[in-house]
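Structure first, commentary second.
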2 protein chains.
Amino acid sequence: MNIVQEESLRDRKKNERRELLIEVARRQIASNGLRSLKIRDVASAADCSIGSVYNEFDDFDGLILTVNRETVGRLDAVLAAVPDQDPVQHLFGLADAYLGFFTEHAHLLWSLFEHRMENDRPFPDDLLQMVMRTFALMHAPMVRLLPDRDPVEVALLARMMFSAAHGIISLGLEARMVAVPPDSLRFQVAQFVETQLIGMNILPRR
Amino acid sequence: MNIVQEESLRDRKKNERRELLIEVARRQIASNGLRSLKIRDVASAADCSIGSVYNEFDDFDGLILTVNRETVGRLDAVLAAVPDQDPVQHLFGLADAYLGFFTEHAHLLWSLFEHRMENDRPFPDDLLQMVMRTFALMHAPMVRLLPDRDPVEVALLARMMFSAAHGIISLGLEARMVAVPPDSLRFQVAQFVETQLIGMNILPRR
DNA sequence: CGGGTTATTTGAACAATGTTCAAATGGATA
DNA sequence: TATCCATTTGAACATTGTTCAAATAACCCG
């Protein structure tokens, strides 16, 4: 049996269209936010009918989730590329990389955090797993810094620190309220990590 | 001229209806989230027509904003009631009170943070002022704890700490991902504040 | 190449929901 | 009671997600 299937014309067009649809949707979310995304706009921008969007994605949520999945993937790649030799510098690097990604793709990240499934359907498990895996990138340096602590505690601590940093960045970038100036925000994040590490007896007092 | 105006039957009915509409809307948001709020449901629950809701509030945003304003007012009252004798205990108390209010009224607080105006209209200034004033409650103990620092720096620090705590609580309560158990969350918040204060040389190392 | 078969695409129609406004209603007033 | 005007009403409209039967296009085989 031939495993390597020849790609038919149908499949190629289908794949091209799918990529185009995702790209169009991502651009719209990235520039004007999740709430500005409309099926009809996506369809007309991709030069196809409304029905074709439904053919490719089960429903509106399906399209959003696909964009969000790719966003998590990109974030994961950025965070995974942070140098990890020294665990302290690793933590500072992760925080700064998260800030950088958030600043550059604020609407995409907000889409990830703000999106709620229609009709109280459950959040898809695979995306949850992806998010958890990205969370876990913060876990590694914390384990190295606190080798004697209960690993469960350390996991909670890592998640707590991520949530705190996320709060600082997310509210700091919110233009609706008075946004924190970018330089100040960068300083705040670094200061938060440093203060936290000092408080945990990992860095010396200043 | 008579300043104390006799309340006419018209006015009384109008005020009663207004209160009822707000109450109905708040209950709906509190129990099922902002997205579940529908004009028609509110109208029928208040036993009046759709148009009457529009008569009382300019539009849908107007109703939501009214509920959100009251939420900020209630939060402000709760936080203002926290004992403020010792600034360190004051900070712990504020964090715990915020956690308590958030836990009890999660959907109402999410409504406050998630709501976006229709058509990119600006966020109303009076509500922004209310939120800022509530933020400022955290400011006072920080000033007492860091009397020698630049007040502008302290203000940024206070906002940073609020944002961090908000992130910890908000993501911690999110059931969509794996929610942090309530007791664990309470511990995390207290631990965050303590670590932060130690790192800022305000509390001794443990 | 042609005809049959199957997959895909299309867009009109539907459902849900925020919004408007002319007519009806009802409280105030003389 | 009669007139006047504020308020209320709900039908109609606009937007937007969703469905599905008909049209179209790709594939396959003789």
Side-chain angles (χ1 to χ4, degrees), chain A residues 1-2 5-22 24-25 28-29 32-68 111 114-121, chain B residues 2 4-22 24-25 28-29 32-68 111 114-121:
Chain A
M1 191 183 190
N2 196 357
Q5 183 69 37
E6 176 101 17
E7 194 186 51
S8 64
L9 174 60
R10 258 211 287 247
D11 292 346
R12 187 157 37 82
K13 286 176 87 171
K14 192 178 177 67
N15 288 339
E16 275 169 15
R17 171 124 88 198
R18 183 184 175 85
E19 292 310 313
L20 179 57
L21 287 171
I22 297 172
V24 163
Q28 183 59 38
I29 295 175
N32 289 90
L34 176 57
R35 292 196 26 157
S36 76
L37 188 68
K38 314 288 173 197
I39 289 276
R40 283 168 177 75
D41 293 347
V42 172
S44 83
D47 201 37
C48 70
S49 72
I50 302 166
S52 288
V53 182
Y54 278 85
N55 182 289
E56 207 54 53
F57 309 93
D58 289 349
D59 51 18
F60 199 44
D61 278 349
L63 174 57
I64 297 168
L65 287 170
T66 302
V67 173
N68 285 352
S111 165
E114 289 178 1
H115 174 59
R116 295 293 175 279
M117 300 292 286
E118 210 64 36
N119 293 103
D120 291 327
R121 273 184 299 182
Chain B
N2 197 357
V4 179
Q5 184 67 38
E6 175 104 15
E7 194 186 51
S8 63
L9 174 60
R10 258 212 288 248
D11 292 347
R12 186 155 38 80
K13 285 176 87 171
K14 190 179 178 68
N15 287 339
E16 274 170 15
R17 170 123 87 199
R18 182 184 175 85
E19 291 310 314
L20 178 57
L21 286 170
I22 297 172
V24 164
Q28 183 59 37
I29 295 176
N32 288 83
L34 176 57
R35 293 196 26 160
S36 77
L37 188 69
K38 313 288 174 198
I39 289 275
R40 282 168 177 76
D41 293 348
V42 172
S44 84
D47 201 37
C48 69
S49 72
I50 303 166
S52 288
V53 181
Y54 278 85
N55 182 287
E56 207 55 52
F57 309 94
D58 288 349
D59 52 17
F60 199 45
D61 277 350
L63 175 58
I64 298 169
L65 286 171
T66 302
V67 173
N68 284 352
S111 165
E114 288 177 2
H115 173 58
R116 296 292 176 279
M117 300 291 286
E118 210 65 34
N119 293 102
D120 290 328
R121 272 184 299 181

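Note that these values count all heavy atoms, side chains included, but never hydrogens, waters or copies made by symmetry. By convention in this document, chain letters (A, B, ...) are assigned in the order of the sequence lines, proteins followed by strands, and residues within each chain are numbered from 1.
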Between P of dT9(C) and CZ of F57(A), the distance in whole Å = 12 Å
For dT9(C), does either OP1 or OP2 sit under 4.0 Å from a side-chain N or O belonging to S49(A)?
-> no
Gap between atoms CD and P, on E56(A) and dA7(C) respectively (whole Å) = 16 Å
Rounded to the nearest angstrom, tell me the gap between atom CG in N55(A) and atom C1' in dA26(D).
-> 14 Å
H115(B) NE2 to I29(B) CD1 distance, which is reported to the nearest 0.5 Å | 9.0 Å
Nearest-angstrom distance from the residue atom CG of L21(A) to P of dT10(C) = 10 Å
With N55(A) as reference, evaluate R18(A), R17(A), K14(A) under the side-chain hydrogen bond (donor to acceptor under 3.5 Å, both in side chains) test and give the passing residue.
-> K14(A)
N119(A) CG - dG17(D) P separation (whole Å) | 14 Å
In whole Å, what is the span from the CZ atom of R17(B) to the P atom of dG27(C)?
-> 11 Å
Can you tell if the side chain of L65(B) reaches within under 4.5 Å of the side chain of F57(B), non-hydrogen atoms only?
-> no
Do the non-hydrogen side-chain atoms of D61(B) and R121(B) ever get within less than 4.5 Å of each other?
-> yes
Which nucleotide in the set dT10(C), dG27(C), dT9(D) lies at the smallest distance from any side-chain heavy atom of K13(B)?
-> dG27(C)
A correct 5'-to-3' footprint of nucleotides 12-24 of chain C, with B, S and - meaning base, sugar-phosphate only and no protein heavy atom under 4.0 Å, is -B---BBBB----
K14(B) NZ to dG26(C) C1', straight-line distance once rounded to whole Å | 14 Å
If we only count heavy atoms from C-beta on, is the C48(B) to L20(B) side-chain gap below 4.5 Å?
-> no
Is S36(A) reaching over with its side chain to a backbone N or O of N32(A), donor-acceptor style, under 3.5 angstrom?
-> yes
